[in-house]
> 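Take this structure, written in structure tokens, and hold onto it; I'll ask about it next.
So that the names make sense, note that chain A is the first sequence line, chain B the second, and so on, each numbered from 1.
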Protein chains: 2
Amino acid sequence: MTETGAAPAPLGRRERKKAATRQAIADAALDLFLERGYDDVSIREIADAADVSTTTLFKHFSGKEALVFDRQDEMKAHQLAVVRERPRGQSIPVALREHALRYRQINPDDEPEAAAFLDLVGRTPALLDYQHAAWLENTTALARIIAEDSGLPADDPACTALAHFALEAPRAARHHQDRAEAITRAFDLLEQGWQSITSGTHKP
Amino acid sequence: MTETGAAPAPLGRRERKKAATRQAIADAALDLFLERGYDDVSIREIADAADVSTTTLFKHFSGKEALVFDRQDEMKAHQLAVVRERPRGQSIPVALREHALRYRQINPDDEPEAAAFLDLVGRTPALLDYQHAAWLENTTALARIIAEDSGLPADDPACTALAHFALEAPRAARHHQDRAEAITRAFDLLEQGWQSITSGTHKP
DNA sequence: AAAATAAGTGCAACCGATGCACTTTTGAAA
DNA sequence: TTTCAAAAGTGCATCGGTTGCACTTATTTT
């Protein structure tokens, strides 16, 4: 009753509690994962650590992988923003390339949390797959942006192809020692092809 | 006692029985899958139908998906062969494109079994993912062929990128009504890019 | 105050998969 | 032939992820 303030947003007590529970679960999960590795932590353990039942856990998260990528939505939005707000004159493939390269460049001394997180994902195949699948969900949105930008029809298959390949580029570079260079070369291929398609060749 | 012949190949009784068991399992699995759908058939049912234990089943197949793609090895080999034995003068991307297009063109009236199989795979996400992963395992081999053919170093990232993207092309075309056209356009992008890379830039 | 809503609980169960100890078959050596 | 070791197969128990169901709370609405 005496609690007056603390209601800046239109969030009822209920929704706040829900959010808190969700956060508690995600935090507990990430702690355990970082400490012992993804595969060596069970759902039951996480639920115990967060002091909820496994049933409750699965009402908040669609699966085990989703516990790790709690904020994947933000990353996806960020990726699209990078393309939309790219410097004038910069091509879309280049913007995507820069984004891909930047993502891999986090300094362990600078951002230890982010580094540990990336490491966790990087050494867990299940997480790599999940992340990549989520990544690809941006294909359609990205294709639309490309189409708008180049004046092609919104459903032009070439736009989808470029979007898909660009999102796939980091994976294509996976097995090379120098990943950054491999990514660059993959994007070179795409950019050259894209130039040919959008400029010349159409009508001889 | 009266069984005299029937040992033309260097296959002992043992290996024949093993192969028979494996085949029985795969057949039972495919029958059930086609009849009721992949997700609605359990491993235990398949094992029962083939009259073996689940333990035995898993000694023959690495997982549930592997029951469906019993002959994936042949398909992979075939794919590489298509590239190696392509008509003189035909580029590698074109050979891959033709192969990709041909794979999708099976006439239900002509090859009902193959059609039913493709349909089963096509409507089961788990199987699509598994198939695609197996598909991508050809990336390295394909990259090597591309490198040899174009005189680039065997580990040139551009070759890996082209191989990866080409294998990815069918997926990029997934959401278009006219899949064949979408695949063609995706390969156009790759081919143009590849030409630019291999013709120009080498040594000015 | 009562009814409607939604969070959370507890439990049992299913499914894919694995490990272990055990029996049977089979190929070949003794 | 007898014997022996490897390999195939079995049975069972168990694990971890996931879901369904019936049930108790807490909060919101009427």
> I want to check a possible cation-pi pair here: B/Lys64 against B/Tyr38, using under 6.0 Å from ring centre and within 45° of the ring axis as the test.
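Yes, B/Lys64 lies over the aromatic ring of B/Tyr38.
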> So what does A/Asp40 touch, heavy atoms closer than 4.0 Å: a base, only the sugar-phosphate, or nothing?
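It contacts nothing in the nucleic acid.
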> Using a 4.0 Å heavy-atom cut-off, does A/Ser42 contact any base of the nucleic acid, only the sugar-phosphate backbone, or nothing at all?
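It contacts sugar-phosphate atoms only.
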> Nearest whole angstrom, please: distance from the P of D/dT25 to the NZ of A/Lys17.
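The distance from NZ of A/Lys17 to P of D/dT25 comes to 14 Å, rounded to the nearest Å.
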> Looking only at N and O atoms, is any donor in the side chain of A/Thr55 or the base of C/dG10 less than 3.5 Å from an acceptor on the other one?
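Side chain to base: pair found, below 3.5 Å.
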> Return the nearest nucleotide to the side chain of B/Val52; candidates are D/dT10, C/dT9, C/dG16.
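Taking heavy atoms from C-beta onward, the closest nucleotide is D/dT10.
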> Quick one: A/Glu45 CD to D/dG17 P, roughly how many Å, whole number?
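In whole Å, D/dG17 P and A/Glu45 CD are 9 Å from each other.
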> Rounded to whole Å, how long is the line connecting atom CG of B/Leu67 with atom P of C/dC15?
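After rounding, the gap between these two atoms is 15 Å.
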> Assuming nearest nucleotide by heavy-atom distance, tell me which of A/Glu65 and B/Arg44 is located more 5' along DNA chain D.
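With A/Glu65 and B/Arg44 compared, the 5'-side residue is B/Arg44.
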> Take the protein atom CZ of A/Arg22 and the nucleotide atom P of C/dG8, then report the distance between them rounded to whole Å.
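In whole Å, C/dG8 P lies 11 Å from A/Arg22 CZ.
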> Nearest whole angstrom, please: distance from the P of D/dG17 to the CZ of A/Phe61.
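My rounded result for the distance is 15 Å.
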> Answer yes or no: does a side-chain N or O of A/Ser53 lie under 4.0 Å from OP1 or OP2 of C/dT9?
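True: A/Ser53 side-chain N/O within range (under 4.0 Å) of C/dT9 OP1/OP2.
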> Please tell me if B/His60 has a side-chain N or O lying less than 4.0 Å from either OP1 or OP2 of D/dG9.
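Checking D/dG9 against B/His60, a side-chain N or O does come within under 4.0 Å of OP1 or OP2.
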> Given D/dT10, C/dA17, D/dG16, identify the nucleotide with an atom nearest to the side chain of B/Phe58.
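Of D/dT10, C/dA17, D/dG16, C/dA17 is nearest to the side chain of B/Phe58.
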> Report yes if a donor N or O on one partner sits less than 3.5 Å from an acceptor N or O on the other, where the partners are the side chain of B/Lys59 and the base of D/dG9; otherwise report no.
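Donor-acceptor pair under 3.5 Å: yes.
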> Please determine which of A/Arg71, A/His78, A/Gln72 meets the side chain to side chain donor-acceptor pair (under 3.5 Å) test together with A/Glu74.
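Answer to the side chain to side chain donor-acceptor pair (under 3.5 Å) test with A/Glu74 among A/Arg71, A/His78, A/Gln72: A/Arg71.
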> Whole Å only: how far is the CD1 atom of B/Ile43 from the P atom of D/dT10?
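Distance check: B/Ile43 CD1 to D/dT10 P gives 15 Å.
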> Output the rounded distance in Å from CG (A/Leu57) to C1' (C/dG8).
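From A/Leu57 CG to C/dG8 C1': 12 Å.
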> Indicate yes or no: does A/Arg123 engage A/Asp119 in a salt bridge with an N to O separation below 4.0 Å.
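Answer for the salt bridge query: yes.
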> Classify A/Asp51 by what it touches in the nucleic acid, base, sugar-phosphate, or nothing, heavy-atom distance under 4.0 Å.
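Sugar-phosphate: the residue A/Asp51, judged by heavy atoms under 4.0 Å, touches backbone atoms but no base.
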> Could you state the OH-C1' distance from A/Tyr38 to D/dG16, rounded to the nearest angstrom?
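After rounding, the gap between these two atoms is 11 Å.
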> Quick one: sort the A/Tyr103 and A/Trp135 rings into parallel, tilted or perpendicular, breaks at 30° and 60°.
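If you compare the ring of A/Tyr103 with that of A/Trp135, the planes turn out tilted.
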> Answer yes or no: is there an ion pair linking B/Arg86 with B/Asp149, defined by an N-O contact shorter than 4.0 Å?
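Salt bridge between B/Arg86 and B/Asp149, a charged N being under 4.0 Å from a carboxylate O: yes.
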